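I have placed the structure first, in the form of structure tokens, so that the comments after it can refer back to it.
Since the model is a prediction, treat every value here as computed from it, not as a measurement.
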Amino acid sequence: MRVEEIVEMKQTEKKRGKKRKLFLKIFGGIIAALVLFMGIVFVINVISNGMEKKKIESYGQYVQVDGKNMNVSIQGNGEQTIVLLPGQGTPSPVLDFKLLIDQLTSDYKVVTIEPFGYGLSDRTDKERTSENIVSEIHEAVEQLGLDRYILMGHSIAGLYSASYVKDYPDEVIAFIGIDSSVPNQPGMDVKLPLKSMQFLQTSGLMRFLKNVNADPYKSMDYDEHTIEQMNLISNQVSSNSTLMNELKNLGSNFKNAEKLTYPRDLPMLLFVQSNNTANPNWIPLHEAQIKQSDQGKMIPMEGSHYLHHTKYKEIAAEFKAYMKSVQLK
């Protein structure tokens with residue numbers, strides 16, 4: 001090998017070495033920046049949680065269920081009572097339903113229940129099976145002295161309500177679903193990234209993402225104070241251990257309930273999202289469910305899964321008209 005070639009090889013190796021060192025410096029800098037960013041986000045989240053917890057205002061009242069505090073809200077003085085149940089993971093059910101509740105209280109007494117892990121209620125280590133959740137909700141209803149009521153629920157409450165009616169058929173006089181889940185809907189056995197969801201919350205990344213994105217409540221009819229309180233509570237309760245356990249049991253809860261139906265003599269009104277592109281069978285599933293009732297009615301509505309955020313006036317008006325037209329058992 002000639003001297004020139006040896007010199008050229010050494011120069012090439014030297015250049016490669018410099019490039020490697022530069023790459024390692026850049027890579028190390030990126031890692032260091034990410035670690036610093038995560039550290040700042042985490043510290044801000046911890047400090048913010050401590051400060052925000054003091055800003056949360058109490059609402060409703062506590063009832064003792066299984067030795068713990070379950071928060072409930074009672075509004076309105078109507079002769080008939082609505083027991084209102086939230087969708088899965090709703091941070092503050094009472095405030096989330098506020099727009100709809102305000103439309104109902106002139107004619108009904110509305111009892112909104114925040115199950116364990118939701119809103120201002122305690123958390124629990126008891127498995128979040130449908131059986132346990134339904135039993136706890138009923139214990140709260142008993143504590144309030146209710147024995148005849150309309151069951152109204154959003155999303156996953158449709159699953160729990162089917163079990164509830166089976167267990168307490170003499171108490172529920174009608175079921176009203178707000179884009180409610182159907183016990184036999186497919187695809188509910190999917191494994192969810194629960195650890196990733198908890199990491200996003202505990203690391204502070206969820207707070208960061210919320211801060212850099214537009215607040216969806218701003219475009220709705222909630223007042224500023226309610227929006228602030230909902231966001232404060234969301235930062236405290238989202239992805240807590242009780243809610244994560246409920247998600248862990250999601251598949252088995254649906255599996256165990258897939259053959260559940262409602263009694264034929266139970267009036268049933270379903271408000272259903274008509275533009276659910278993710279599930280083209282959404283309307284047919286609810287059409288099949290509504291046929292279980294001799295007095296069943298389905299009302300398709302265009303909007304988000306949380307229909308009561310934007311269609312609360314229409315839901316209230318249609319509900320009141322429906323209740324006047326049916327025969328209650």
Legend entry - Approximate separation, where rounding is to 0.5 Å, of Lys68 NZ and Asp125 CG: 6.5 Å
Inset, instruction - Output all residues satisfying ring pair (Phe, Tyr, Trp, His ring centres under 6.0 Å) with Tyr118, sequence neighbours left out; order by chain, then residue number. - result: none
Legend entry - Heavy-atom check, side chain of Pro115 versus side chain of Pro86, under 4.5 Å: yes
Legend entry - Side chain to side chain, Gln88 and Glu246, heavy atoms closer than 4.5 Å: yes
Inset, instruction - May I have the step-by-step check of side-chain hydrogen bond (donor to acceptor under 3.5 Å, both in side chains) for Asp102 and Tyr312, ending in yes or no? - result: CA-CA 9 Å; Asp102 288 346; Tyr312 57 95; over 6 Å; no
Inset, instruction - Using a strict 4.0 Å threshold on nitrogen-to-oxygen distance, state whether Arg128 and Glu136 make a salt bridge. - result: yes
Inset, instruction - Evaluate the side chain to side chain contact (heavy atoms under 4.5 Å, CB included) criterion for residues Val141 and Ile113: first the C-alpha distance (whole Å), next the side-chain angles of each, then the deciding distance (0.1 Å), finally the verdict. - result: CA-CA 9 Å; Val141 168; Ile113 295 181; 3.8 Å; yes
Legend entry - Ser325/Tyr322 under side chain to side chain contact (heavy atoms under 4.5 Å, CB included): CA gap, chis, key distance, verdict: CA-CA 5 Å; Ser325 71; Tyr322 174 77; 4.2 Å; yes
Legend entry - CG-CD1 distance between Leu328 and Ile150, expressed to the nearest 0.5 angstrom: 7.0 Å
Legend entry - Given Leu270, Leu159, Val272, the one that forms side-chain contact (heavy atoms from CB on, under 4.5 Å) with Ser180: Leu270
Legend entry - Minimum side-chain heavy-atom gap Glu139-Met70 below 4.5 Å: no
Inset, instruction - May I ask you to decide whether Lys255 forms a salt bridge with Asp189, counting only side-chain N to carboxylate O separations under 4.0 Å? - result: no
Inset, instruction - Would you please name every residue forming a ring pair (Phe, Tyr, Trp, His ring centres under 6.0 Å) with His286, sequence neighbours left out? - result: Trp282
Inset, instruction - Using atom types as modelled and distance alone, determine if a side-chain donor or acceptor of Gln185 lies under 3.5 Å from a backbone N or O of Val182. - result: yes
Determine all donor-acceptor pairs shorter than 3.5 Å in which one atom belongs to a side chain in residues 71-79; sequence neighbours excluded.
{"from": "Asn71", "atom 1": "ND2", "to": "Tyr59", "atom 2": "O", "distance (Å)": "3.4"}
{"from": "Asn71", "atom 1": "ND2", "to": "Glu114", "atom 2": "OE1", "distance (Å)": "3.1"}
{"from": "Ser73", "atom 1": "OG", "to": "Gln75", "atom 2": "NE2", "distance (Å)": "2.9"}

Inset, instruction - Could you check whether the rings of His154 and Tyr306 sit parallel, tilted or perpendicular, using 30° and 60° as the cut-offs? - result: tilted
Legend entry - Contacts of Val172 that satisfy side chain to side chain contact (heavy atoms under 4.5 Å, CB included) - sequence neighbours left out: Tyr149, Leu151, Tyr164, Val165, Leu266
Legend entry - Tyr262 versus Ala162, closest heavy-atom pair with distance: OH-N, 3.3 Å
Legend entry - Passing candidate, side chain to side chain donor-acceptor pair (under 3.5 Å) with Asp179, options His305, Lys311, His308: His305
Legend entry - Least distance between heavy atoms, Leu285 atom then Pro186 atom: CD1-CD, 4.0 Å
Inset, instruction - Using modelled atom types only, decide if a donor and an acceptor are shared between the side chain of Ser121 and the backbone of Gly117 within a distance under 3.5 Å. - result: no
Legend entry - Thr242 side, atom OG1; Phe116 side, atom CZ - distance, nearest 0.5 Å: 9.0 Å
Inset, instruction - Determine whether Lys297 and Val326 make a side-chain contact, defined as any pair of heavy atoms from C-beta on separated by less than 4.5 Å. - result: no
Inset, instruction - Return yes if some donor-acceptor pair links the side-chain N/O of Asn249 with the main-chain N/O of Asn245 below 3.5 Å, else return no. - result: yes
Legend entry - Sequence-distant partners of Ser274, side chain to side chain donor-acceptor pair (under 3.5 Å), two or more places apart: none
Legend entry - Check: Tyr217 and Asp96 side chains under 4.5 Å, non-hydrogen atoms: yes
Legend entry - Single-linkage hydrophobic cluster Ile176~Ile299, side-chain heavy atoms < 4.5 angstrom: yes
Legend entry - Interatomic distance, Gln103 atom CD to Lys320 atom NZ [nearest 0.5 angstrom]: 6.5 Å
Legend entry - Check: Val65 and Asp122 side chains under 4.5 Å, non-hydrogen atoms: no
Inset, instruction - List for me each residue that meets side chain to side chain contact (heavy atoms under 4.5 Å, CB included) alongside Lys210, sequence neighbours excluded, and say none if there are none. - result: Met206, Asn231, Ser234, Asn235
Inset, instruction - Would you mind reporting whether Asp265 and Asp294 have side-chain heavy atoms less than 4.5 Å apart? - result: no
Legend entry - Distance in Å, Tyr62 OH paired with Asn69 CG, rounded so as to fall on 0.5 Å steps: 6.0 Å
Inset, instruction - Identify the two heavy atoms, one from Val237 and one from Arg123, that lie closest to each other, and give their separation to 0.1 Å. - result: CA-NH2, 4.2 Å
Legend entry - Evaluation steps, side chain to side chain contact (heavy atoms under 4.5 Å, CB included), between Gln229 and Glu57: CA-CA 7 Å; Gln229 287 295 306; Glu57 299 174 1; 3.8 Å; yes
Legend entry - More than 12 heavy atoms of other groups within 6.0 Å of Glu131 CD: no
Legend entry - Ile82 vs Val111, side chain to side chain contact (heavy atoms under 4.5 Å, CB included): CA-CA, chis, key distance, verdict: CA-CA 6 Å; Ile82 300 169; Val111 177; over 6 Å; no
Inset, instruction - Could you please spell out the steps behind the side-chain hydrogen bond (donor to acceptor under 3.5 Å, both in side chains) verdict for His309 and Asp221? - result: CA-CA 8 Å; His309 284 175; Asp221 293 338; over 6 Å; no
Inset, instruction - Answer yes or no: is there a donor N or O on one side and an acceptor on the other, between the side chain of Asn253 and the main chain of Ser130, under 3.5 Å? - result: yes
Legend entry - Spatial distance of atom NZ (Lys109) from atom CG (Leu104) [nearest 0.5 Å]: 14.5 Å
Inset, instruction - Taking the side chain as every heavy atom from C-beta outward, state whether Met268 and Gln295 have any pair of such atoms under 4.5 Å apart. - result: no
Legend entry - Residues, nucleotides or ligands: over 12 heavy atoms within 6.0 Å of Asp223 CG: yes
Inset, instruction - May I ask you to check whether Phe319 and Tyr108 place their ring centres under 6.0 Å from each other? - result: yes
Inset, instruction - Indicate whether any N or O donor in one side chain lies under 3.5 Å from an N or O acceptor in the other, for Asn132 and Glu127. - result: no
